[in-house]
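Notes follow the structure.
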2 protein chains.
Amino acid sequence: MNRPMRTRRQATLASLAAELGVSRTTVSNAYNRPDQLSPELRRRVLETARRLGYPGPDPVARSLRTRKAGAVGLLLTENLSYAFRDPAAVGVLEGLALACEDAGVGLQLVPASPGREDVAAVHRAGVDGFVVYSVPDDDPHLAAVMSRPVPTVIIDQPQLDGIDRVGPDDAAATEQIADHLVGLGHRQVGVLCMRLARDRNDGFAPVDRQQEAHYHVQRTRLATLAKKFASVGVEWSAVPVVERFEHTVDDGASAARELLDANPHVTALICTSDILALGALAEAGRRGLRVPADITVTGFDGVAEATRAGLTTVHQPVLEKGKAAGKLLLSAGDRVAPKVITLPTELRVGTTSAPPRTAEERWFGP
Amino acid sequence: MNRPMRTRRQATLASLAAELGVSRTTVSNAYNRPDQLSPELRRRVLETARRLGYPGPDPVARSLRTRKAGAVGLLLTENLSYAFRDPAAVGVLEGLALACEDAGVGLQLVPASPGREDVAAVHRAGVDGFVVYSVPDDDPHLAAVMSRPVPTVIIDQPQLDGIDRVGPDDAAATEQIADHLVGLGHRQVGVLCMRLARDRNDGFAPVDRQQEAHYHVQRTRLATLAKKFASVGVEWSAVPVVERFEHTVDDGASAARELLDANPHVTALICTSDILALGALAEAGRRGLRVPADITVTGFDGVAEATRAGLTTVHQPVLEKGKAAGKLLLSAGDRVAPKVITLPTELRVGTTSAPPRTAEERWFGP
DNA sequence: AATGGCTTCTGAACCGTTACGGTTTGTTCA
DNA sequence: TGAACAAACCGTAACGGTTCAGAAGCCATT
């Protein structure tokens with residue numbers, strides 16, 4: 001405790017009313033509807049409140065009565081650090097926070113611990129709605145949110161029956177980058193991707209694991225890459241895909257190392273996030289591979305760091321994504337049918353992609 | 001609305017009890033104290049709940065009765081984008097979120113819009129305590145938080161009477177960097193700082209504005225620099241200090257430009273944040289100034305980007321700062337006296353600081 | 001047969017507020 | 001002079017739970 005402990009029970013609206021000899025309604029009005037009572041009485045109420053140390057109507061009691069919590073909940077991935085370390089996630093968070101601020105409602109981060117399946121926090125959260133971001137399809141927290149009788153918006157998740165959704169067209173975005181690489185002539189590619197399921201698997205991900213991935217975004221991107229490259233004759237099951245549970249630049253680098261050690265002839269590293277791609281660039285540098293002359297590296301998301309590094313990537317408006325989700329949630333109730341917002345993506349060709357070296361060049365230099 | 005609208009009024013604990021022909025207490029116990037009723041009855045309760053679409057006890061009503069909201073509020077600077085763009089702030093946020101997750105409580109970002117002095121959101125937030133971070137001393141939201149009868153912890157603020165506080169020893173940290181620069185021989189220095197008050201002033205900040213700064217951290221850092229440099233004979237009022245309202249790399253660059261245009265003989269740019277320092281580095285590069293041969297640049301905070309850039313800076317454990325604040329808040333009540341946690345700082349000499357060039361070198365090259 | 005100790009369930013009080021539909025008082029105006 | 005109306009204030013009934021001190025029933029012990 002860090003404030004001078006009030007010796008007796010906190011003053012309440014009722015005790016204040018009693019002290020003043022007015023009804024509780026009047027005190028309530030003094031705070032909420034100044035036009036409902038004379039300025040003089042209001043002044044007296046407020047002054048007595050100050051004298052008695054009454055801090056104003058209790059927010060929780062008010063919420064109960066008005067059936068408005070004045071906050072929305074955000075459920076995000078099991079790993080909190082991920083959300084704060086990934087610039088794309090921070091962008092979404094910021095956009096969401098901005099939308100909430102605009103509307104004057106709070107944004108509550110709901111704890112969703114990974115280990116203990118402690119869904120209770122979801123039930124305990126006093127919020128008027130939920131935004132769900134980057135959660136695996138089978139996460140029990142997601143199910144818990146769905147069981148709450150409040151509006152919900154999901155970001156970057158597969159379409160759920162009757163639920164608002166915000167996200168880019170991941171398949172189209174992936175096609176853009178795939179077309180770019182195919183057009184440049186790359187056929188021997190490798191992929192670095194983020195975690196595919198809730199269990200840890202730092203290493204190669206076989207095709208079945210790719211197809212069964214619980215993270216919608218990763219699943220879609222991999223599936224689209226597979227389709228695109230298969231269409232130009234690449235046997236996808238032979239394409240190395242390295243997965244990382246954690247999502248850091250260092251993990252991107254180690255994934256690139258693992259992939260290149262086993263597949264030195266790869267001409268392009270396709271990364272399902274910019275962060276991983278930045279790591280791949282670092283690893284390429286360490287190996288003395290020039291980018292893009294010796295190897296092409298591409299990312300995903302188009303975060304500021306990637307732009308600065310000249311990374312070829314697909315940009316998506318992460319801030320807008322969060323904002324749109326917030327607005328959607330806060331305008332629920334106006335609608336009757338669920339709404340889906342698809343955000344535009346844009347291929348940004350940087351300085352990290354080029355045609356592959358020919359076999360000759362590879363042996364004898366350019 | 002995005003869920004099949006329940007045609008009639010939501011089921012409540014009472015209606016469920018009535019349906020089952022048991023008391024409300026028993027239904028409540030089915031959810032909160034499974035050991036208080038027979039497994040068989042509990043099963044029936046839960047099953048009937050499912051059938052009736054009862055989502056479990058209402059969080060707000062529960063909060064009212066138990067007097068626990070299960071969330072803590074975070075009040076941060078007027079500018080939300082700042083909090084998400086500054087890696088140091090994100091670190092604090094992450095630490096705080098981790099502490100909250102550990103304790104299973106939510107973390108609610110309380111909207112504190114800059115323009116409209118809408119303090120209502122602070123009063124409306126159903127939280128068990130507040131963390132206040134990086135808010136100007138005279139912000140009305142801060143006053144509003146103080147008026148709420150809940151524990152509060154402040155980060156990076158001046159000591160407030162009877163309030164827990166977490167922060168580095170900014171004065172000591174600043175002395176470290178000042179001593180380093182003085183030791184190298186720098187006497188002609190310039191300073192880039194963040195906003196000093198709530199009004200915008202992009203430009204030089206005279207001494208009185210520095211002294212009256214409403215942001216505690218900035219005020220302390222400037223005051224300590226002034227003291228240190230004065231002690232070696234530098235006339236502080238002649239030292240150029242450029243202020244920026246926004247806190248971005250670009251603003252750091254433009255501030256450096258403004259300062260160097262007016263004071264080309266400056267040998268060291270002291271920045272009160274790493275972000276500004278990164279901008280200063282960029283501007284130095286644009287001018288063809290070599291760092292540290294031609295000019296020394298230092299930062300503050302020790303964020304990852306700064307380390308990567310080899311910036312000389314004072315590191316402070318931002319993640320720990322947030323964590324400590326969270327733990328402190330969540331353990332309030334155990335204590336009776338307010339607690340102050342001072343975090344260690346560490347001078348990290350990178351590759352951006354060196355002795356100043358002599359006048360000769362400046363004219364004729366090294 | 002009385003006593004004590006479980007387990008299981010209940011009744012009533014309470015948490016602090018706002019919504020709703022009034023009543024009272026005073027002023028205006030035909 | 002009295003009808004009409006606005007301003008100011010009030011009483012009651014929720015809002016949806018949790019909690020605590022028992023009551024009822026049952027069994028084992030003394």
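Per chain, numbering begins at 1; letters A, B, ... match sequence-line order.
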Would you say Thr26(B) and Ser23(B) are linked by a side-chain donor-acceptor pair, where the criterion is simply a distance under 3.5 Å?
yes
Taking atom types as modelled, find out whether Asn32(A) and Arg62(A) have a side-chain donor-acceptor pair closer than 3.5 angstrom.
yes
From CZ of Arg62(A) across to P of dT18(C) the rounded distance in Å is 5 Å
Whole-Å distance, Asp35(B) CG to dT8(C) P, equals 9 Å
How many whole angstroms separate atom CG of Asn32(A) from atom C1' of dA8(D)?
17 Å
Just how far, in rounded Å, is C1' of dG26(C) from CD of Glu40(A)?
18 Å
Would you mind telling me which of dT17(C), dC9(C), dA13(C) lies closest to the side-chain atoms of Arg24(A)?
dT17(C)
Which is true for Ser38(B) with a 4.0 Å heavy-atom rule: it touches a base, it touches only sugar-phosphate, or it touches nothing?
sugar-phosphate
Any base atoms under 4.0 Å from Val22(B), or only sugar-phosphate, or nothing? Heavy atoms, all strands.
sugar-phosphate
Under 4.0 Å between a side-chain N/O of Ser28(A) and OP1 or OP2 of dT18(C), yes or no?
yes
Using a strict threshold of under 4.0 Å (side-chain N to carboxylate O), is an ion pair present between Glu94(A) and Lys323(A)?
no
With a 4.0 Å cutoff (strictly under), does any side-chain N or O of Asn29(B) reach OP1 or OP2 of dC9(C)?
no
Do any side-chain nitrogens or oxygens of Ser23(A) fall under 4.0 Å of OP1 or OP2 in dC10(D)?
yes
Hey, does Tyr31(B) reach any base, or is it just sugar-phosphate, or nothing, if we go heavy atoms under 4.0 Å?
nothing
Among the nucleotides dC9(D), dG16(D), dT17(C), which one has an atom lying closest to any side-chain atom of Leu37(A)?
dC9(D)
Here the distance between atom P of dG22(D) and atom CD of Gln36(B), to the nearest Å, is 16 Å
Tell me which of Arg65(B) and Leu41(B) sits closer to the 5' end of DNA chain C, going by the nucleotide each one is nearest to.
Leu41(B)
Which atom pair, heavy atoms only, marks the closest approach of Ala97(B) to Leu109(A)?
CB-CD2, 4.4 Å
Does any N or O donor sit under 3.5 Å from an N or O acceptor when you compare the side chain of Thr25(A) with the base of dT18(C)?
no
Given axes from five pairs at either end, by how many degrees does the helix from dA1(C)-dT30(D) to dA30(C)-dT1(D) bend, rounded to 10°?
50°
Calculate the interatomic distance between Leu16(B) atom CG and dG16(D) atom C1'; express it in whole Å.
13 Å
With a 4.0 Å cut-off on N to O distance, would you call Glu47(B) and Arg50(B) a salt bridge?
no
Base, sugar-phosphate, or nothing for Leu64(A), non-hydrogen atoms under 4.0 angstrom?
base
Residue set satisfying side chain to side chain contact (heavy atoms under 4.5 Å, CB included) with Asp128(A), at least two apart, ordered chain then number -> Lys68(A), Ala69(A)
More than 12 foreign heavy atoms under 6.0 Å from CZ of Arg43(B): is that the case here?
yes
OP1 or OP2 of dA19(C) less than 4.0 angstrom from a side-chain nitrogen or oxygen of Arg33(A), does that happen here?
yes
Phosphate-side-chain proximity, Arg67(B) and dG16(C), N/O vs OP1/OP2 below 4.0 Å:
yes
With sequence neighbours excluded, what pairs up with Asp137(B) under the side chain to side chain contact (heavy atoms under 4.5 Å, CB included) test?
Gln157(B), Pro158(B), His216(B), Arg219(B)
Rounded to the nearest Å, what distance is computed from the CG atom of residue Leu13(A) to the P atom of nucleotide dT18(C)?
6 Å
When all nucleic acid strands are considered with a 4.0 Å heavy-atom cut-off, which category describes Arg42(A): base, sugar-phosphate, or nothing?
nothing
Starting from P on dG17(D), measure out to CZ on Arg124(A) and report it in whole angstrom.
14 Å
